[in-house]
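Structure, as structure tokens:
One-based numbering, in listed order, for ligands and for the atoms of each.
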Amino acid sequence: MIRIPWPTSASDSRLPSTGKAANPQLFRTAETDKLESAKNDKKRKRGAAVQQDEEDIPDLDFFSSNKRPATNVTETAAATEVVDEKVSAQDAASDDDDSMDEVERRTILNSHKIKVTDMRDLEEIQVQPTSTKDSKKKKKKSKKEEAPILSKKEQKRARRLFPEPLLNFKELRSKYKISSRLAENVAEQGFTVPTEVQLGTLPLLLGGTSEPDLLVVAPTGSGKTLSFLIPVINKIVRHHHSTPDEHGILSVVVAPTRELASQIVNEGRKLVAGTGVKITLMRKGMRVGEDGDANVLDEDNEESSGSEEEDAESKPAKERASIPVTKSDILVTTPLMLVNALSANRTTTMATLPLVRSLVMDEADVLLDPLFREQTLDIWKSCSHPDLRVGLWSATMGSNIEDLTKSTIRERLEDLGQKPSEPHALLRLVVGLKDSAIPNIDHKLVYAATEQGKLMGLRQLLRPAAASASDIRLRPPFLIFTQTIPRAVALHSELKYDIPAEAGGSSRIAVLHSDLSDGQRSDIMRDFRKGEIWILVTTDLLARGVDFRGINGVVNYDIPNSAAVYVHRVGRTGRAGREGGIAVTYYTKEDIPYVKSIANIIDVSEKLRGGEEGDKSIQKWLLDALPNLSKNSKKDMKRHGVKARQAPRLTDKGDDGKGARGMRISTKSGFERRMENNKRGAIEASRNRKAAAAASGNVSDTGSWAGLDD
Ligand SMILES: Nc1ncnc2c1ncn2[C@@H]1O[C@H](COP(=O)(O)OP(=O)(O)OP(=O)(O)O)[C@@H](O)[C@H]1O
């Protein structure tokens, strides 16, 4: 047997599972590195000069309600003013040499491939800039001069913005004056450099001018969660401070799956610690809405450090379901859960959420896709505060989402019959190329001809000897995606004895899908994160948003239904700039009509990465040879996947219906019997080896994957 520890050779030292990337940014140039570090150096020097001053400030934690609460509002306000003045004075003294000119801003934003666009109608942009002060000036001006008619190019240029980028996390406090406790919590995460999306969006959302509505398209694993959570939390800290008597849900974060929602809550909890802000995961049985205080019961302290997955587990199912109401500042929810709560399971008209000032839609394109659209729009419209700001975040975003966003913003205000207290823009920020896969992973598009070919290919990935013979070396932990739940279940049964007993056997591989109970889903997520499960077979339930930091690869056992799904699935690896992740996609004869869009995505991603033409995995001849798919077929594929792989349950008896026979994942008892025999043999062999090792005083390393007996 060939033993492959996990991780193993020198080439494996760059696997995502071996640790963080030195720099999480995906796009940068030597030129901007220089410019940014020159700017940072300047600040550091100045920082040292004012450090003494800062130490004299008795309590910078003026926003914190938990750590050292101020005795009364007036006192807190006074303290705030004193400290803010001090911070501002430092900033003001340095603002001149600090702020960048447009050339510097352009250089930095361009080299990080950040593009900011004003999405409003041109007349609106010309008449109504984002800041109120400016708007007054411009309004006067516009009376005198008619807006010139611009060519398309000029219009594009007029829409383009070059806001100041965030150079380092310290600026959050020094320049954007976020709550000191929140700044500490960010610092505690140990991040050194802001990612592109953080560099671009945080100044927009925290800056001096009116907070915009924001559409963000940024690569998978690029830290969008932090980018929307920091401003949301800071806004609430300020709100608590300025309006201490107003209690209720101030922000709603919507995500398409329970797994993602619970992950956002866990991230949020690290950031809210000590700020007095509460973040809660919406659960069945909670009531929200304008019931008033009478119905609002306090929950357990939501700032507990335990993870949402662990919490879900530690509470018995009955208890979890009976939590009546949430008293929280930030509610994180899936669309249906909140719609049901606001409409008593669709038996009443939707209640409103009158205090909500920020609505974040994570994975916005899927939330506004037909599957969730109605529910998401219902939530959006139930947020009835005129100063609501929306943020739509994803790694992929069709232009239909932009149109829908514009029209919904307009309609909501029309329905409300109220105007926001100050004019604000709708901006779009794109990092890299829209709808592209991250450039820091290797893509392998593998023709397997048949279903059996795919299974054989996958087994080879699990067999170190065979894998070393091919060019694909995939190390656990990794994810395997299938098109449907029955296929995930069948594939799991097929593979579960492929891991040798001495490496943990069938407990190392699991299947996760939405037919499982919440408790089972939480268990599996927790064990995969802990590294107890190494291979997770799943459906598109886990395709989006879920952050398993160090996973080494993704296998598309069944091709994804669309190019966007490919981008999201493969983006589960290569997070935060980690190199070495692999994305393997198998395709069969039946898949050929659908492969071109995936091949195109891979091609673009490899171009983004740079390198030699010969290094490319997608050759030009293949791209030319693959057929294009009609619009209708694309739609059909997106909705139903590859037809032959659809519904009929895959059973041991082979009753999987006409046409599906060839697509069946074999779970024939023959193989299972053989594997069971192997397993029995392996257990015995392992027992013998352990006994021999114990006798020689040589204890085996159970943390390494020994691979399969060949
Ligand atoms: N500045 C940073 N430096 C290093 N790591 C970071 C930084 N910001 C965030 N991260 C980490 O990057 C990982 C990915 O972040 P996150 O889940 O927010 O990505 P995302 O952009 O939402 O991805 P997806 O589109 O897949 O949802 C997380 O583990 C997070 O802790």
What part of D547, side chain from CB on, backbone N/CA/C/O, both or neither, has a heavy atom under 4.0 Å from ligand 1?
side chain
So is P219 close enough to ligand 1, meaning a heavy atom under 4.0 angstrom away?
yes
Closest approach of any protein heavy atom to atom 8 (N) of ligand 1, naming residue and atom
Q198 NE2, 2.8 Å
For D365 and S394, which I'm curious about, is there any donor-acceptor pair between the side chains at under 3.5 Å?
yes
Under a 4.0 angstrom heavy-atom cut-off, which atoms of ligand 1 come close to F169?
1 (N)
Please confirm whether R572 comes under 4.0 Å of ligand 1, counting heavy atoms of the residue only.
yes
Just going by heavy-atom distances, which of S394, G221, G550, G545 is nearest to atom 27 (O) of ligand 1?
G545
Compute the ring centroids of Y557 and F481, then answer whether they are less than 6.0 Å apart.
no
Taking both backbone and side-chain atoms of R575, is any N or O found less than 3.5 Å from an N or O belonging to ligand 1?
yes
Heavy-atom closest pair (I438 atom, P219 atom, distance to 0.1 Å) is CG2-CB, 3.6 Å
Could you tell me which atoms of ligand 1, counted from 1 in the order shown, lie closer than 4.0 angstrom to a heavy atom of R549?
29 (O), 31 (O)
Looking only at side-chain N and O atoms, does E104 offer a donor or acceptor that is under 3.5 Å from a partner on T107?
no
Do you see a donor-acceptor pair shorter than 3.5 Å between the side chains of R569 and N556?
yes
Nearest non-hydrogen protein atom, atom 30 (C) of ligand 1
F191 CZ, 4.2 Å
Using heavy-atom distances, let me know which of K270, K224, R578 sits nearest atom 21 (O) of ligand 1.
K224
Does E363 have a heavy atom less than 4.0 Å from any atom of ligand 1?
yes
Students should be able to answer this: which protein heavy-atom is nearest to atom 16 (P) of ligand 1, and at what distance?
T225 OG1, 3.5 Å
How about R639: does its CZ atom have over 12 heavy atoms from other parts shown lying under 6.0 Å from it?
no
So is A576 polar-close to ligand 1, meaning N/O to N/O under 3.5 Å?
no
Say whether H513 and T538, considering side chains only, have a donor N or O and an acceptor N or O under 3.5 Å apart.
no
Note: ligand 1 atoms sitting under 4.0 Å from heavy atoms of V193 are 1 (N), 2 (C), 3 (N)
With heavy atoms under 4.0 Å as the rule, classify the contact between P24 and ligand 1 as side chain, backbone, both or neither.
side chain
In plain terms, say whether D442 and K444 are close enough for a salt bridge, that is, a side-chain N and a carboxylate O under 4.0 Å apart.
no
Are side-chain N/O atoms of Q263 and R258 paired as donor and acceptor at under 3.5 Å?
no
Checking S358 against K235: is there a side-chain donor and acceptor pair closer than 3.5 Å?
yes
Between ligand 1 and G571, can you find any atom pair, the residue atom being a heavy atom, that is separated by under 4.0 Å?
no
Report yes if H568 has an N/O atom closer than 3.5 Å to an N/O atom of ligand 1; otherwise report no.
no
With heavy atoms of S222 as the reference, note each atom of ligand 1 found under 4.0 Å away.
19 (O), 20 (P), 21 (O)
Is a donor from one side chain sitting under 3.5 angstrom from an acceptor on the other, for S605 and H443?
yes
